[in-house]
Amino acid sequence: MAAAGLTRASSAGRPLMRLVTMSGAPILQQLHLEERLLRTTGDNWCIINDGTAPPTIVMGVSGRVSELVEIQPVLRDQVPVVRRFSGGGTVIVDQGTVFVTFICNKAAVAGLQPFPRDIMTWSDYAFSQLKFGGNAQSITKNRWVHHTSFLWDYDVKNMDYLKIPKRAPEYRLARKHTDFLCRMKEYMPSRSVFTDGVITALREQFLVEPTDIETVLSDDDAFVPSTKLLSEQDLEEIASSKESLHRV
Amino acid sequence: MALRLWASSAANALKISGTGARAAAPAYTISRYFATVLDGLKYTSTHEWVKHEGDVATVGITDHAQGHLGEVVFMELPDTGAKVSAGESFGNVESVKATSDVNSPVSGEVIEVNTKLTETPGLINSSPYEEGWMIKVKPSSPAELDSLLDAAKYTKHCEEEDAH
């Protein structure tokens, strides 16, 4: 099995997890990195990206743009739209978003059933019905990625670029974004309290090894990520025609 | 489960008390899940089935798989003419919040894909062995089928996995 031999035994019996911390990295770059780490490496990874620029709309793999995004304002204001490789809903991310991603070997994470269901039973992150983080997963034969965008803060105006989705989990109850989201900064003293807290918690279960991202990026240009930035032309085509089965 | 342990450690470290919104996932799921396993098909340990008739191998995911995935909302399929390799991904299935790779049990060339799945991906849930078929392959090495699991071995494999 592919995972065997790829994880070093840790002194305390905890699996090794490489930690990459970034700040302000563009979300497209982060998602490309995640796909590459998922598909071309055998290590466990935690990626923390504190804030991102520019503000970007990120859709799930099968989202229909015309149903989820207000295309005219997006074109007018030139807001980038990215289709990520994992499923789930549509978000708009910016400097107020903190990203935490796990990429793991199924075999290396003891006690976690090798089937997707365990990861999928993770409940959403919320304080009393108000959501402060959304997550999605992607699962390959031997590994999986679980990534979350946490709302440290958000700009209400940005939510206007997103439509209320037709397909939504029950808890959404057709609420507008501002009625079902909350800002973490109203519950926590600082961003670093949050990110340090994540790392502290991680150390309880894993042997955490901070890793410089430069050492991770090799010259492997053979790998082509599937996460893509929709072009202005893509969006204009969708705006002008009924979005058909052809998915951009 | 390691991730839930992390989540409660994180909650403690961040002094977050209770989420309130949804009940936490149960600590232990006891479910007697009886999935259908058909005789006459071959299976992989990653929950795909293959039906070999003459020169054509039809591939899909099992009842066990669709039950664990939950409602399928999208299926990404290859183009006809694409080459597939045994044990490697040929596409992925999206269900609610996870996308999962689907692996081909055999190597060969894709000669047909089930276009109905584009409009009605739910066929994978309602009819995983019939209308929910995914691709038809012309096998390049039919001997690969011999190393796959038969119905009895696959059933045992599922029981062992679910016993975790």
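The structure displayed is predicted, hence computed values, not measured ones. Just so it is clear: chains get the letters A, B, ... in the order the sequence lines come, proteins before strands, and each one is counted from 1. Note: hydrogens, waters and symmetry copies are ignored here, and every other heavy atom, side chains too, is used.
By the neighbour-count criterion of 12 heavy atoms within 6.0 Å, atom CG of D39(B) is sparsely surrounded, having that number or fewer from other residues, nucleotides or ligands. Atom NZ of K153(B) has 12 or fewer neighbouring heavy atoms from other residues, nucleotides or ligands inside a 6.0 Å radius.
Contacts of S192(A) classified as side-chain contact (heavy atoms from CB on, under 4.5 Å), with partners at least two apart in sequence or in another chain: S190(A), T195(A), D196(A). Judged as a side-chain contact (heavy atoms from CB on, under 4.5 Å), and not counting sequence neighbours, the contacts of L151(A) are Y154(A), L181(A).
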Notebook entry, point to check: When you look at S138(A) and T99(B), which way does the side chain to side chain donor-acceptor pair (under 3.5 Å) test go after all the steps?
Noted result: CA-CA 5 Å; S138(A) 186; T99(B) 58; 2.8 Å; yes
Next item on the list: Decide salt bridge (Lys or Arg N to Asp or Glu O under 4.0 Å) for R39(A) and D101(B); before the verdict, give the C-alpha distance in whole Å, the side-chain angles of both, and the deciding distance to 0.1 Å.
Entry: CA-CA 11 Å; R39(A) 295 208 179 263; D101(B) 277 3; 3.0 Å; yes
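A donor-acceptor pair is defined here as one N or O able to donate and one able to accept, closer than 3.5 Å; no such pair exists between the side chain of K141(A) and the backbone of E88(B). Under a 3.5 Å cut-off, the side chain of E76(B) and the backbone N or O of S62(A) do not form any donor-acceptor pair.
Rounding to the nearest 0.5 Å gives a distance of 12.5 Å between CD1 of I139(A) and OG of S89(B).
Contacts with chain A were tallied for N103(B), N92(B), V102(B); N103(B) has the most, counting heavy-atom pairs under 4.5 Å.
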